[in-house]
Amino acid sequence: SLPLIVLGTFILWFGWYGFNCGSTLGMADKATGTMAAQVAMNTTLSAATCGLTVLILRFAVLQRYDIGGMCNGILAGLVSITAPCGNVACGSAVLIGFVGALIYQATSMLIQRVRVDDPIDAFA
């Protein structure tokens, strides 16, 4: 059901902060605290950009809002930013989220075109 998909997405998103920000290994001084804040900001920007971009792309293609696709887009944005989250500026995090959305949407459309059975679009 769609409410459970959205709830699960937000639970994963919240947990992603523990993973990405926790990778700074603490906030004992100002430098690591600043790094954790930067990582949290980049994680948020990439996930939100990717989710909104997928929502807009799906609306342009399907002429309806696809909230399940947006949730998968959020997860694609989280995956896209995980490796470089502490090493990029905020503008780059937005760009990473945007590129992640394009890759996710293209892969999703390709999987549907070749008729791979993926009911929750997890492979893309």
Side-chain angles (χ1 to χ4, degrees):
S1 79
L2 198 54
L4 292 177
I5 292 171
V6 172
L7 177 64
T9 300
F10 284 120
I11 289 170
L12 282 169
W13 195 348
F14 183 74
W16 225 276
Y17 289 114
F19 179 74
N20 279 358
C21 300
S23 296
T24 60
L25 301 176
M27 296 194 316
D29 58 357
K30 184 178 179 182
T32 56
T34 303
M35 176 60 77
Q38 180 74 23
V39 167
M41 178 64 73
N42 287 342
T43 300
T44 303
L45 288 173
S46 179
T49 301
C50 195
L52 289 174
T53 303
V54 169
L55 183 68
I56 291 167
L57 288 172
R58 294 269 172 111
F59 183 77
V61 171
L62 303 173
Q63 298 299 312
R64 65 179 175 86
Y65 294 109
D66 183 7
I67 302 301
M70 183 188 76
C71 289
N72 280 343
I74 289 170
L75 296 177
L78 290 169
V79 169
S80 299
I81 197 63
T82 295
C85 63
N87 300 316
V88 296
C90 293
S92 298
V94 171
L95 182 64
I96 289 168
F98 182 74
V99 171
L102 296 178
I103 291 171
Y104 166 73
Q105 183 63 33
T107 305
S108 176
M109 291 170 63
L110 177 67
I111 293 298
Q112 290 175 3
R113 183 172 299 250
V114 297
R115 298 193 178 270
V116 172
D117 185 24
D118 189 10
I120 58 173
D121 210 15
F123 181 79

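As the structure is a prediction and not an experimental result, all values here were calculated from the model.
In this structure, OH on Tyr104 lies 9.0 Å from CG on Leu75, to the nearest 0.5 angstrom. Summarising the geometry, atom CD belonging to Gln105 is positioned 11.5 Å from atom CG belonging to Leu110; distances are rounded to the nearest 0.5 Å. Atom-to-atom distance recorded for Leu2:CG and Cys71:SG is 6.5 Å, nearest 0.5 angstrom. The CE atom of Met70 sits 11.0 Å away from the CD1 atom of Ile5 when rounded to the nearest 0.5 Å. Here the CZ atom belonging to Arg64 is positioned 8.5 Å from the CZ atom belonging to Arg58, to the nearest 0.5 angstrom.
Contact of the Ser46 side chain with the Val94 side chain is not registered, since no non-hydrogen atoms from C-beta on lie closer than 4.5 Å. A 4.5 Å side-chain heavy-atom check between Thr43 and Val39 finds at least one atom pair inside the cut-off. Counting only heavy atoms from C-beta outward, the side chains of Thr9 and Asn72 never approach each other to under 4.5 Å. Annotation: side chain of Val6 is in contact with side chain of Phe10 (closest heavy-atom distance under 4.5 Å). Contact check for Gln38 versus Cys85: no side-chain heavy atoms found under the 4.5 Å cut-off. Counting heavy atoms from C-beta on, the side chains of Leu12 and Phe19 never come closer than 4.5 Å. Inter-residue side-chain proximity for Leu102 and Leu57 is flagged as met; some heavy-atom pair is nearer than 4.5 Å.
Between Ala47 and Leu78 the shortest heavy-atom distance is CB-CD2, 3.7 Å. In this structure, Ala36 and Met27 approach most closely via the heavy-atom pair CB-SD, 3.7 Å. Scanning both residues, Ala101 and Val54, for their nearest heavy atoms gives CB-CG2, 3.8 Å.
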For this session: Go through Cys50 and Ile74 one step at a time and tell me if the side chain to side chain contact (heavy atoms under 4.5 Å, CB included) criterion holds.
Result: CA-CA 6 Å; Cys50 195; Ile74 289 170; over 6 Å; no
Problem set entry | Test log, rule side chain to side chain contact (heavy atoms under 4.5 Å, CB included), inputs Thr82 and Trp16 | CA-CA 9 Å; Thr82 295; Trp16 225 276; 2.8 Å; yes
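Partner of Ser80 under the side-chain contact (heavy atoms from CB on, under 4.5 Å) criterion, out of Ile103, Ile96, Val99: Ile96 alone. A side-chain contact (heavy atoms from CB on, under 4.5 Å) with Ile81 is found for exactly one of Thr44, Val88, Thr49, Leu45, namely Val88.
Atom OH of Tyr65 has 12 or fewer neighbouring heavy atoms from other residues, nucleotides or ligands inside a 6.0 Å radius. In this structure, Phe98 places its CZ atom where only 12 or fewer heavy-atom neighbours from other residues, nucleotides or ligands lie under 6.0 Å away.
Between the side chains of Asp29 and Thr32, a donor-acceptor pair is found at a separation under 3.5 Å.
Below 30°, between 30° and 60°, or above 60°: for Tyr17 and Phe14 the angle between ring planes is above 60°, a perpendicular geometry.
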